[in-house]
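Atoms within each ligand, like the ligands themselves, are counted from 1 in listed order. All residue numbers in this chain count up from 1 along the given sequence. Keep in mind that what you see is a predicted model, and the values were worked out from it rather than measured.
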Amino acid sequence: MSTARLGVLALLASTALLSSCATDTTAPSAMAQGSAVNASATTPASVDNFMLVDANLEAHELYRLTGAPAVVIVTQANGDAAIRGAAPQLKALASSYGAKGVEFLLLNSSLKDSREAILAEAAKAGLELPILMDSNQLIGESLGVTRSAEAFVINPKTWTVAYRGPVVGVGAALDALAAGQPVPASTVALNGAAIAFPERGAGAKLTYVKDVAPILEAKCVACHQEGGIGPFAMSNYDMVKGFSPMIREVIRTDRMPPYNADPHVGKFSDDKNLSPAEIKTLVHWIEAGAPRGEGKDPLGSVKHVAAEWPLGKPDLILTIPSFKVPASGIVDYQRPAIANPATEGRWIRATTVKPGDRQSVHHILTGWMSEMPANGQSSETRWRGSVGGYAVGAESNVYAPNVGSYLPKGGAIGFQMHYTPYGKEAVDNSQIGVYFYDKPPELMMRNVVVIDPTITIAPNTARHKEVAYVEFPNDALLYSAFPHAHYRAYANDLWLQTPDGKKTLLLSMPRYDFNWQRAYTFEKPIKIPAGSRIIANYTYDNSKRNPSNPDPTIKVTWGEQSHEEMLFTSLSFRWLDETAAKQVDSDARFAKTRLMGMMDDNLDGKLQKAEAKGQMGTMIAGYFDRIDANKDGSLDKAELAAAQALLPGRRGRAAEASNASRQLTGGR
Ligand code: HEC
């Protein structure tokens, strides 16, 4: 969301005009028409934005397709003969009209079809288009879907439905739309299988007091309260009702609550997502006109007062340099660093972040560094272990009993500060309380980063993919992952590949949001057998369709600046054979495969010349034939490891990245 809009919201929130203003200016048509449109199977006056992931876990947001001549959505249900029969026709349409920029998507709103079943059906039926999983049925409901194999031709200039009917009519509809002619209505009956929408119209029974306020209190109010970072406070019924069209929009596009792990993949102990039932309750209630219901307003008396130090008096307090947050505008990430005040090396048991100005501090990330960087600024690539982090509702981080991470004395502690202005100037003085074990814990947490300093993203490219991995030569347990990239990142995921070649998806973020960076903690730590890889895939959108893209016309390479990019997933893990008393050389364990993991794009365990790209890769390419000792045309692990010694003086950005990654691949 633009800061301008944020500023306006902040102003609105402080005026009594709020609820009437918000409804007047932002109510989309679905709101005005409420239950009439959505409770029945009629065509909506306009198609509101949504984001759904397809069966391959790629995200598709409707309104990002603005600029396309048309968007065609065709309903699909597994086993339906009509859509199977239409597969060749769809393929032909997608190839002829796709060449003109028309976008084609399938929509599966069936309650019966799992992701695996959809993938199997697509393969069997020859359906090659992305199949959106509308598991909560909200999109199918609001489009008025009743059957499989029904096509909707949507005009992105108005987001209205230009045609709905069988697939046979799509070509004529697209031609008419392109020619600016009236689109002929369909006269052919639909013959696809019926799709049941048991909860269509269910909103009529729901009320704010009974059903909605408890969800908002549990999942939203921590941020959306007076003095919170949310742009408006959910402080009473009128406020919530006034913002209800926007609430519907951020839920349909999965922007709120800000927890970006796809619920189809894995289980997380810090999961802040709404459950499917909660999602449906909120949206159905809004579509039914947001009725209040009888009784006291449950949000009227909610007060979230955080204790100063909920875990008690800290053993060490880190004071983050004071920062003046301007009243408006976008504040670049601040990266201050302080000398490490610890006078001896100790084991961290827990940390608590105490944000100074709660309304502007969006998030805080930290890492200790072996030395103070020459420019006195923090740099995430030099971080060797966390000293706490903050996102609203996650102030404290307490390690499992008997597990700790080591904070040595000396060096520096760096911070990544994300501030969001809220209409008036503020001064932030945040602090971090660190709690140590009295005697060393038995087990130690470590950190390693999947990193690729060779990324090279061509201009005007909507889906550029990069991959990197780290190889674990010994058994380990993975606790959490923290993906990090900049404005062009579109999606990322994380896989475990065991030595037998089997791959398991651990974390999927179909849409990466630069604004919301955090660690994702696995409900149960993941077992990493010796010889496994942890693989991170990133997709970047360097096209003009990416609303956060600072400049789609330039080639983008690795770098710390926001106009440069990163592929950086930090992992918290433990070696199974390590205790605090008997530590292993973690750096050395990763060293042999570190460079390979950064560059080996085809994951074959060898480096081909074509994979040696980016500044670091180019440097290696220059020495390639010399390094290729056995002259087989590719570099194996041993050849590449030996090559590290050959690389010229560690100067320049690429060398710094490689140097930084070397530091990062060890815990302490
Ligand atoms: C961790 C804090 C946090 C939580 C939890 C949270 N929000 Fe937000 N919300 C924000 C912030 C900050 C923004 C401003 C936009 C942004 O940063 O993405 C925002 C923006 C919004 C907007 C306005 C979007 C726009 O485009 O103007 C709506 C509506 C909203 N949130 C609804 C919700 C709902 C509903 C929930 C709970 C289901 C929720 N939020 C949970 C912090 C939060």
Side-chain angles (χ1 to χ4, degrees), residues 1-13 18-19 21-23 25-28 31 48-49 51 61 63 136 208 211-235 239-260 263 270-286 290 299 302 304 306 325 328 330-331 333 353 355 357-364 389-395 418-423 487 511-519 547-548:
M1 141 162 180
S2 74
T3 354
R5 199 160 167 202
L6 246 177
V8 170
L9 273 179
L11 285 176
L12 274 177
L18 179 93
S19 57
C21 267
T23 339
T25 56
T26 61
M31 184 58 195
D48 296 327
N49 197 13
M51 193 279 272
E61 183 174 345
Y63 282 14
N136 296 322
Y208 165 80
D211 308 288
V212 168
I215 301 175
L216 301 178
E217 183 179 351
K219 299 281 172 87
C220 321
V221 172
C223 296
H224 289 275
Q225 60 173 314
E226 295 303 337
I229 59 166
F232 64 96
M234 298 183 187
S235 47
M239 287 291 275
V240 173
K241 184 176 163 134
F243 277 98
S244 63
M246 262 168 143
I247 293 178
R248 177 173 178 267
E249 179 186 321
V250 295
I251 294 176
R252 281 169 55 108
T253 52
D254 198 18
R255 278 183 44 213
M256 288 283 143
Y259 191 86
N260 297 322
D270 46 15
D271 191 350
K272 305 284 185 206
N273 273 323
L274 292 167
S275 71
E278 291 170 336
I279 289 173
K280 286 187 270 191
T281 297
L282 291 178
V283 172
H284 285 150
W285 170 76
I286 293 166
L299 297 187
V302 174
H304 290 254
V325 187
S328 62
I330 294 176
V331 181
Y333 276 21
V353 175
D357 185 60
R358 282 188 175 266
Q359 206 164 345
S360 62
V361 180
H362 189 280
H363 74 240
I364 301 177
Y390 166 81
V392 181
E395 281 77 359
H418 183 17
Y419 292 108
T420 46
Y422 57 94
Y487 292 117
R511 191 175 42 182
Y512 177 79
D513 186 343
F514 181 73
N515 271 322
W516 295 105
Q517 305 198 19
R518 59 168 305 137
S548 339

Using every non-hydrogen atom in the two residues, find where Arg358 and Ile229 come nearest and quote the distance to one decimal.
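Residues Arg358 and Ile229, closest heavy atoms: O-CG2, 3.0 Å.
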With atoms numbered from 1 as shown, which atoms in ligand 1 lie under 4.0 angstrom from a non-hydrogen atom of [X]?
X      : answer
Cys223 : 1 (C), 2 (C), 3 (C), 4 (C), 5 (C), 42 (C), 43 (C)
Ile247 : 29 (C), 35 (C)
Met246 : 25 (C), 27 (O), 29 (C)
Lys219 : 5 (C), 37 (C), 41 (C)
Met234 : 32 (C), 33 (C), 34 (C), 35 (C)

Taking the non-hydrogen atoms of Arg255, is any one of them nearer than 4.0 angstrom to ligand 1?
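So Arg255 counts as touching ligand 1.
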If you measure from each heavy atom of Asn515 to ligand 1, is any distance below 4.0 Å?
no
Identify which of [options] has a heavy atom lying nearest to [atom].
atom                    : options                : answer
atom 17 (O) of ligand 1 : Tyr422, Phe232, Trp516 : Trp516
atom 20 (C) of ligand 1 : Ser244, Gly228, Pro231 : Pro231
atom 37 (C) of ligand 1 : Cys220, Pro257, Gly230 : Cys220

Identify the residue among Tyr419, Trp516, Tyr390 that makes a side-chain contact (heavy atoms from CB on, under 4.5 Å) with His362.
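Filter result, single survivor: Trp516.
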Measure the shortest side-chain to side-chain distance between [X] and [Y] over non-hydrogen atoms and say whether it is less than 4.5 angstrom.
X      : Y      : result
Asn515 : His418 : yes
Leu299 : Met239 : no
Phe243 : Glu249 : no
Val240 : Tyr208 : yes
Leu216 : Leu282 : yes

Does the separation of the ring centres of His363 and Tyr333 fall below 6.0 angstrom?
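Yes: the rings meet the under 6.0 Å criterion.
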Using a cut-off of strictly less than 2.8 Å, determine whether His224 has an N/O/S atom near atom 8 (Fe) of ligand 1.
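Yes.
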Salt bridge (Lys or Arg N to Asp or Glu O under 4.0 Å) between Glu61 and Arg255: does it pass, once the steps are laid out?
CA-CA 11 Å; Glu61 183 174 345; Arg255 278 183 44 213; over 6 Å; no
Heavy-atom pairs closer than 4.0 Å: do any link ligand 1 to the side chain of Ala222, the backbone, both, or neither?
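The answer is neither.
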Please work out whether any backbone atom (N, CA, C, O) or any side-chain heavy atom from C-beta onward of Phe243 is under 4.0 Å from ligand 1, and answer side chain, backbone, both or neither.
neither
